[in-house]
Amino acid sequence: FAKYRHPSSPLISPAGRLTAFVLTETDLEKNCYRADLWVLENETGTVRRLTAQGDGLEFAWTPDGKIVFAAARGKAVEKAKKDGSVLTQYFVIDPCGGEATPLCTLPVSKGSAPRVLPDGRWLVTAKVDLNRPDFASMDEKARKEALEEYEHPRYRVFEELPWWSNGQGDVSRRRSALYVCDPAAGTAQKMTEDYFNVGAVDAAFGRVVYTGTKFDDMMPIYNGLYALDTATGESRVLVEPGSYRIGQPKLIDEKTVLVTLKSKDAHLYAHGDLWLVDAETGETVAGAVLEFAP
C-alpha cells in the first residue's frame, strides 16, 4: 500500500506545453499523505518534480505560465497557530525550475487554489469552523486557555449529522465557504452565509457559479445551483435546492452552465444526467448533447 502513488488534478498550462498535477504518496512513519506538484512535458512525456515538502495540494496556473499554490509554511503560520488566527499562504513557482517564493497571505483557513476574476481579485473556497471561539476579542491569558481547550477539548458536543467524515474527522458545524479576495491587499470577503456549505465552483467568462446547501441540523443530499455577482456579493438561485443532487457545474460560455442533475426518483448510486442551465434565468434543458470543435 505504501508504494502506491496517486496522480490527480491535472491542469494544462495556458500555452499548452505542460500539464501540472498533484502526486500523493503515503507516509507511514508520520501516518499521513504527502502531496507534491509535478509537471509533465506534453510532447516528450518527461515528468519533473516541482515541490518536495508534501504540502502542494491546491494549485492553479497563472496567465503568464507560472503556478500558484497554497501551503502552510514559515513563521507566519507558526504565529497564527499560537495566537488563534487563521491564514493561508500562497506561493508562486516557475515550472521550468527554481524555488517557490511567497506571493501573498489571506485571512482564510485552508484556502483553495485561486480562480482569477476579470478585475484581478481571487475567488477561493476556504474552511469555516462555527465551533471556533472569537480569539481576537480575548486578552492573552484567556486566549491561551481557550485555544488549548479548542485544540484539545475534554469533550465534544455534536449538533449535526453527519458529525464525522472519513479523512476529515469531526465535521459538525464545519463548512466550506466562498470568498472574494484581494491578494495585493491581503483581504478576504465572505460571500456565503455562516451555515451554507459550498460544494463545487466554476468561474469563467466573467461569471461565477457554485453548488451548495444551507443547514443547521442534518445536511440535505439535494443541493442547489447558484450564480454569484462578484460586484455586489449577491447570489441568485439557478436551481432550487431540494430537488436534485447536483454535480460539478461548468460554464461553457457566458450564458450557459453544463451540469449533472440526479433527481429524487433516481437510484441512490445512479449517475446524473447532463443538463444545460441558463446562467441568467435558471431555465434547464435536459439530455444535453454537446459538439466540440476538434
Is [X] reaching over with its side chain to a backbone N or O of [Y], donor-acceptor style, under 3.5 angstrom?
| X | Y | answer |
| --- | --- | --- |
| Thr213 | Pro220 | no |
| Arg245 | Lys264 | no |
| Arg173 | Tyr195 | no |
| Ser165 | Val171 | no |
| Ser13 | Arg17 | yes |
| Lys262 | Leu268 | yes |
| Glu151 | Ala146 | no |
| Arg207 | Glu254 | yes |
| Arg34 | Ala52 | yes |
| Asn223 | Ile246 | yes |

Answer yes or no: is there an ion pair linking [X] with [Y], defined by an N-O contact shorter than 4.0 Å?
| X | Y | answer |
| --- | --- | --- |
| Asp83 | Lys79 | yes |
| Asp278 | Lys255 | no |
| Asp129 | Arg174 | yes |
| Arg154 | Glu149 | yes |
| Lys141 | Glu145 | yes |

Quick one: do the Asn197 and Arg175 side chains pair a donor with an acceptor below 3.5 Å? no
Give a yes-or-no answer on whether the side chains of Asp64 and Thr62 include a donor-acceptor pair shorter than 3.5 Å.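 Yes, side-chain donor-acceptor contact under 3.5 Å.
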Spacing of [X] atom [atom1] and [Y] atom [atom2] [to the nearest 0.5 Å]:
| X | Y | atom1 | atom2 | value |
| --- | --- | --- | --- | --- |
| Leu130 | Asp216 | CG | CG | 10.0 Å |
| Ser9 | Glu58 | OG | CD | 7.5 Å |
| Thr19 | Trp38 | OG1 | CH2 | 15.0 Å |

Using the side-chain contact (heavy atoms from CB on, under 4.5 Å) rule, take Val208 and Leu123 through it: C-alpha gap first, then chi angles, then the decisive distance, then the call. CA-CA 9 Å; Val208 174; Leu123 184 76; 3.6 Å; yes
Please lay out, stage by stage, how Ile252 and Val257 fare under the test side-chain contact (heavy atoms from CB on, under 4.5 Å). CA-CA 6 Å; Ile252 58 175; Val257 185; over 6 Å; no
Measure from the ring center of [X] to the ring center of [Y] and say whether it is less than 6.0 Å.
| X | Y | result |
| --- | --- | --- |
| Tyr210 | Tyr226 | yes |
| Tyr150 | Phe135 | yes |
| Trp122 | Tyr179 | no |

Partner of Pro249 by side chain to side chain contact (heavy atoms under 4.5 Å, CB included), out of Leu258, Thr211, Val239: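 Answer after filtering Leu258, Thr211, Val239: Thr211.
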Is it the case that more than 12 heavy atoms not belonging to Asp119 sit under 6.0 Å from its CG atom?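 Atom CG in Asp119 is packed in, count exceeds 12.
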